[in-house]
There are 2 protein chains.
Amino acid sequence: MSQMQQVERQLREMILGLDIGPGEKLTERWIESRFGASRTPVRAALLRLETEGLVSRDGRGWTVSPINLAEIEQIAVYRQAVEVAAARLTAAFEDRSGLDAIEAMLDSCGTDTPREEWHRVGTDFHVELARLSGNEFLYRAVRDAMTRLSRARWLEISDEAASARAWAEHRIILNALRKGQGDEAADLLAKHIGGSRDRLVGSLQAERRGLRARGFAVIAA
Amino acid sequence: MSQMQQVERQLREMILGLDIGPGEKLTERWIESRFGASRTPVRAALLRLETEGLVSRDGRGWTVSPINLAEIEQIAVYRQAVEVAAARLTAAFEDRSGLDAIEAMLDSCGTDTPREEWHRVGTDFHVELARLSGNEFLYRAVRDAMTRLSRARWLEISDEAASARAWAEHRIILNALRKGQGDEAADLLAKHIGGSRDRLVGSLQAERRGLRARGFAVIAA
DNA sequence: TATCCCCATTTGGGATACCAAATTGGTATC
DNA sequence: GATACCAATTTGGTATCCCAAATGGGGATA
């Protein structure tokens, strides 16, 4: 694997894992020394991460993208459009056996599953559902949207009851898709995404002071 | 403006203007000498054009992305999802005066307007409509989709009657939006996009031999 | 003490040098 | 004439160097 891809992957992991806080300044030279690569692959990695929305230009320099509540709300609307479209496509297929793998993914999460795994599966549920549609653009749209939401979701205050309800919704959506009930699944999915957005934005607004104290830039909606 | 941006813009124009044919190989050194820049800005430009889907990696090298009929069909589905969502948002606004600028754009095209201008306005109608939604993600999705379709639309055999009908549809969609009839506009827009896709794919399939003879790579659906 | 100014340092943008891998073109062989 | 093989060239990947602009810190001044 080329160094550019290594730098890109490691830097993405550091950003998504909040090892580098939202809003922090980045210098090409720091990344260079941190990962032992020269500036050429570093710059390539930054350019690609910029298109993912994980880093942004700050005048002449680079910044880890702040968490932006207005952006989170816009992403929810975007997700409703693309995820619902993907679900309708999937529901209309004759062979919907691909849903089994997604159900199995949900099954793999138990009470002793680490939080990191729940986070991953909670993301992959939506991404894999979009992939099932067979439409590369809808799939990429959902994958990119979930990537952008990743850090915010990581910071969300866990509410056992709400999480359990959201998890149950995943099952219900899958069941509707299984039966080919596109309209029903679309409606459930849109509501599910809306609820997810409300909890996320609400949680971040409540934590905002604490997050800023930790050095995390959070832009109000 | 930085050289990287200049190279990116000029190269994009050459690709979109079919000065470099779909499927053609690109070498960093050729671009370097062609635009009088060094490899650093050239590589940056290629990385960004790759995320736009205009150039692709071909093993170790670079290729101007071929025209892909399957991709065009997938983009149409994607567009239906995001453009319809954007239109619904716009229709629900109290102040829909932004539609006037789009109507004016349509008005600016007359019988003596050059084809290039028709092409641009035909694209901007959809892009600006999405921008009116106020949702940055829907807007970018439509803009990127239209960029990817640009070359194919340029190669479409012009059918006066069909074009006139499509143009009339633009007006009808605007009128529905003006009246705040979201459902009506959504339905019209989805059909409009579908029709556009059918004419486009049909035209390219019919021309496929000729295009290949011109050195344009066209991948069948 | 607050403010302005100047210079040393740092930074990203660009140019160039070097390398390993891949491509290419020709040639010898069958 | 087809094919296998080898050397020369080309190519993308990387490292490094230079530069102008930006940054920032310290001292002079009011």
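Here is the naming used below: chain letters follow the sequence lines, and residue numbers restart at 1 for every chain.
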In whole angstrom, what separates A:Gln5's CD from D:dG12's C1'? 13 Å
Between A:Arg212 and A:Phe216, is NZ or CZ placed under 6.0 angstrom from the six-membered ring centre and within 45° of the ring axis? no
Between A:Arg39 and A:Glu32, does any NZ, NE, NH1 or NH2 come within less than 4.0 Å of an OD or OE carboxylate oxygen? no
Neighbours of DNA chain C within residues 24-31 of chain A, by heavy-atom distance under 4.0 Å: A:Leu26, A:Thr27, A:Glu28, A:Arg29
Does A:Asp124 use its side chain to pair, donor to acceptor, with the backbone of A:Val127 at less than 3.5 Å? no
I need the CH2-C1' distance between A:Trp62 and C:dT10, as an integer number of Å. 17 Å
Contacting residues from residues 33-53 of chain A, given that a heavy atom lies under 4.0 angstrom of DNA chain C: A:Arg39, A:Arg43
Is the backbone of B:Met146 close enough, under 3.5 Å, to the side chain of B:Ser150 for a donor and an acceptor to pair up by distance? no
Testing B:Glu28, B:Glu50, B:Glu24 for side chain to side chain donor-acceptor pair (under 3.5 Å) with B:Trp62, which one passes? B:Glu28
Are A:Glu8 and A:Arg12 within salt-bridge range, i.e. N to O under 4.0 Å? yes
Lys/Arg-Asp/Glu bridge criterion (N-O < 4.0 Å) met for B:Arg197, B:Glu73: no
What pattern of brackets, bars and dots sums up DNA chain C from 5' to 3', given Watson-Crick or G-U wobble pairs under 3.5 Å, [ ] for crossing pairs and | for another strand? ||||||||||||||||||||||||||||||
Test: B:Glu156 and B:Arg153 ion pair at under 4.0 Å: no
Cation over ring, A:Arg140 on A:Phe137, under 6.0 Å and within 45°? yes
From CG of A:Asp58 across to C1' of D:dT23 the rounded distance in Å is 12 Å
Which whole-number value in Å describes the distance from B:Glu32 CD to C:dG14 C1'? 11 Å
Can you tell me if the side-chain N/O atoms of A:Gln3 get under 4.0 Å from OP1 or OP2 in D:dA15? yes
Between atom CZ in B:Arg57 and atom P in C:dA22, what is the gap in whole Å? 14 Å
Salt-bridge criterion met for A:Asp58 and A:Lys25 (N-O under 4.0 Å): yes
Write down the atom of A:Ser65, the atom of A:Gly53, and the distance for their closest heavy-atom approach. OG-O, 2.8 Å
Atom pair distance, as rounded to whole Å: CZ in B:Arg60 and C1' in D:dT14: 12 Å
